Asker: 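Supplied in structure tokens, the structure appears directly below.
The model shown is predicted, which means the values in this text are computed figures rather than measured ones. One-based numbering along the sequence shown.
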Amino acid sequence: MTQIHPTAIVAPGAELGADVQIGPYCIVGPAVRLGDRSQLDSHVRIDGATEIGPDGHLFHAAAIGGAPQDLKYRGARSAARIGARCTLREFCTVNRATGEGEATVIGDDCLLMAYSHVAHNCTLGHHVIIGNCSAAAGHVEIGDFAIISGLTPIHQFVRIGAHVIIGGGLRVPKDVPPFVRAGGMPLKVSGLNTIGLERRGFSAETMAELRKLYRIFFRAQLIKEEALARIRAECRPLPEVEQFCSFIERSERGLTR
């Protein structure tokens, strides 16, 4: 059964799924859609054309779907879409996109810890974790299973690949390729995210090819084009190998090496 606290404000037009729980002093705007079993604890505010998938949990004072912090924004009809089973902790903020018909998108099973921020036009994959007080600027892309540790600012338009782990308190000014761990100041790649990949069931065969790929790209002292050509010539054509190469080819901000 859906339960709405007497102090909450749910605007006419908001669409609520089954068994939604809306706690004290929450505000839900008229274009909001809440999936089945969504839970809003207290003082949560959801604005704009925002969709929250089923089984989402928004903790105290999360602010979702607000106007972008972008001087180009002129009131365009944009959206924020958050997938299923996401947890957004205290004072987390997610802004809707800047342009007409655009969206800020967060996938399924993500965890955004307290005071974290996802800006306009960001795209997060599935199972992403963003640590306390970390912030993704506009148009950032973060791949599946990436982990961003606390107090980490990510520059606008940066892309972070799948299965990456980034240490805490470190500025991310350039793209970070998939499957690696990164740390230090300035940020540098420091190896494959071996523990994370093994926990997620990567086979011994795939791990061997990723280690070979890593040695070629990060240790052979080749320019990008030479390294990619050698990887494609020497590594088995596994999906993960192609995923890595495609990410590198699409990089526009430069690469963390």
Asker: Once salt bridge (charged side-chain N to carboxylate O under 4.0 Å, His left out) is applied, what residue pairs with a partner in residues 163-175 remain, sequence neighbours excluded?
Answerer: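 Listed once each, the pairs are Arg159-Asp175.
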
Asker: Between Ser134 (side chain only) and Pro153 (backbone N and O only), is there a donor and an acceptor less than 3.5 Å apart?
Answerer: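 Side chain of Ser134 to backbone of Pro153: no pair is present.
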
Asker: Taking a hydrophobic cluster as the set of Ile, Leu, Val, Met, Phe, Trp and Tyr residues connected by side-chain heavy atoms closer than 4.5 Å, whether directly or through intermediates, do Tyr25 and Ile22 fall within one such cluster?
Answerer: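 No; tracing contacts between hydrophobic side chains, which count when under 4.5 Å, never links both residues.
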
Asker: Treating Arg77 as the side-chain partner and Glu100 as the backbone partner, does any N or O pair qualify as donor plus acceptor under 3.5 Å?
Answerer: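 Pair absent, no side-chain N/O of Arg77 close to backbone of Glu100.
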
Asker: Looking only at atom types and distance, does a side-chain atom of Ser251 sit under 3.5 Å from a main-chain N or O of Ile248, one as donor and one as acceptor?
Answerer: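 The answer is no, because no donor-acceptor pair under 3.5 Å joins these two groups.
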
Asker: So, the side chain of His126 versus the backbone of Asp108: is there a donor-acceptor pair under 3.5 Å, distance only?
Answerer: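 Side chain of His126 to backbone of Asp108, a donor-acceptor pair under 3.5 Å: yes, one is there.
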
Asker: Does Arg85 come within less than 4.0 Å of Asp109, counting only side-chain N to carboxylate O?
Answerer: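 So Arg85 pairs with Asp109 through a salt bridge.
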
Asker: Counting N and O atoms only, with roles assigned by atom type, does the side chain of Gln21 sit under 3.5 Å from a partner on the main chain of Met1, one being a donor and the other an acceptor?
Answerer: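 Flag set: sc Gln21 to bb Met1 pair under 3.5 Å.
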
Asker: Are Ile166 and Met113 connected in a single hydrophobic cluster, I mean Ile/Leu/Val/Met/Phe/Trp/Tyr linked by side-chain heavy atoms less than 4.5 Å apart?
Answerer: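 Met113 does not cluster with Ile166.
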
Asker: Checking the side chain of Asn121 only, and the main-chain atoms of Glu102 only, is there a donor and an acceptor separated by less than 3.5 Å?
Answerer: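 Judged by distance alone, no pair lies under 3.5 Å.
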
Asker: For Arg199, I'd like to know if atom CZ has over 12 heavy atoms of other residues, nucleotides or ligands within 6.0 Å.
Answerer: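 12 or below, so no.
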
Asker: Report, one line per pair, each donor and acceptor closer than 3.5 Å where one atom sits in a side chain of residues 208-222; sequence neighbours left out.
Answerer:
residue : atom : partner : partner atom : Å
Glu209  : OE1  : Arg236  : N            : 2.9
Lys212  : NZ   : Glu234  : O            : 3.4
Tyr214  : OH   : Gly191  : N            : 3.0

Asker: Tell me whether Asp19 is salt-bridged to Arg37, with the criterion being a basic N under 4.0 Å from an acidic carboxylate O.
Answerer: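 Salt bridge between Asp19 and Arg37, a charged N being under 4.0 Å from a carboxylate O: no.
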
Asker: Determine, using ring centers only, whether Phe202 and His163 are less than 6.0 Å apart.
Answerer: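 Yes; Phe202 has its ring centre under 6.0 Å from that of His163.
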
Asker: Do Leu151 and Val164 share a hydrophobic cluster (ILVMFWY, side-chain heavy atoms under 4.5 Å, transitive)?
Answerer: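 Cluster IDs for Leu151 and Val164 differ.
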
Asker: Looking just at side-chain N and O atoms, do Ser149 and Thr152 make a donor-acceptor pair shorter than 3.5 Å?
Answerer: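 The answer is no; no qualifying pair exists.
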
Asker: Which pairs would a plain distance check flag for residues 56-66, meaning a side-chain donor or acceptor within less than 3.5 Å of a matching protein atom at least two apart in sequence or in another chain?
Answerer:
residue : atom : partner : partner atom : Å
His57   : NE2  : Gln39   : NE2          : 3.4
His57   : NE2  : Asp41   : OD1          : 2.9
His57   : NE2  : Asp41   : OD2          : 3.2
His60   : ND1  : Ser42   : O            : 3.4
His60   : ND1  : Ser42   : OG           : 2.8

Asker: Between Arg96 (side chain only) and Thr50 (backbone N and O only), is there a donor and an acceptor less than 3.5 Å apart?
Answerer: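 No: the side chain of Arg96 does not pair with the backbone of Thr50.
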
Asker: List the atom of Gly107, the atom of Cys86, and the distance in Å for their closest heavy-atom pair.
Answerer: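 For Gly107 versus Cys86, the nearest heavy atoms are O-SG, 3.0 Å.
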
Asker: Look at the side chain of Asp36 and the backbone N and O of Ala18, then say whether any donor-acceptor pair between them is shorter than 3.5 Å.
Answerer: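 Such a contact is found between Asp36 side chain and Ala18 backbone.
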
Asker: State plainly whether one hydrophobic cluster holds both Val32 and Val105, where clusters connect Ile, Leu, Val, Met, Phe, Trp and Tyr through side-chain heavy atoms under 4.5 angstrom apart.
Answerer: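 The answer is no; the residues belong to distinct hydrophobic clusters.
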
Asker: Transitively linked via ILVMFWY side-chain contacts under 4.5 Å: Val94 with Ile129?
Answerer: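 Cluster IDs for Val94 and Ile129 differ.
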
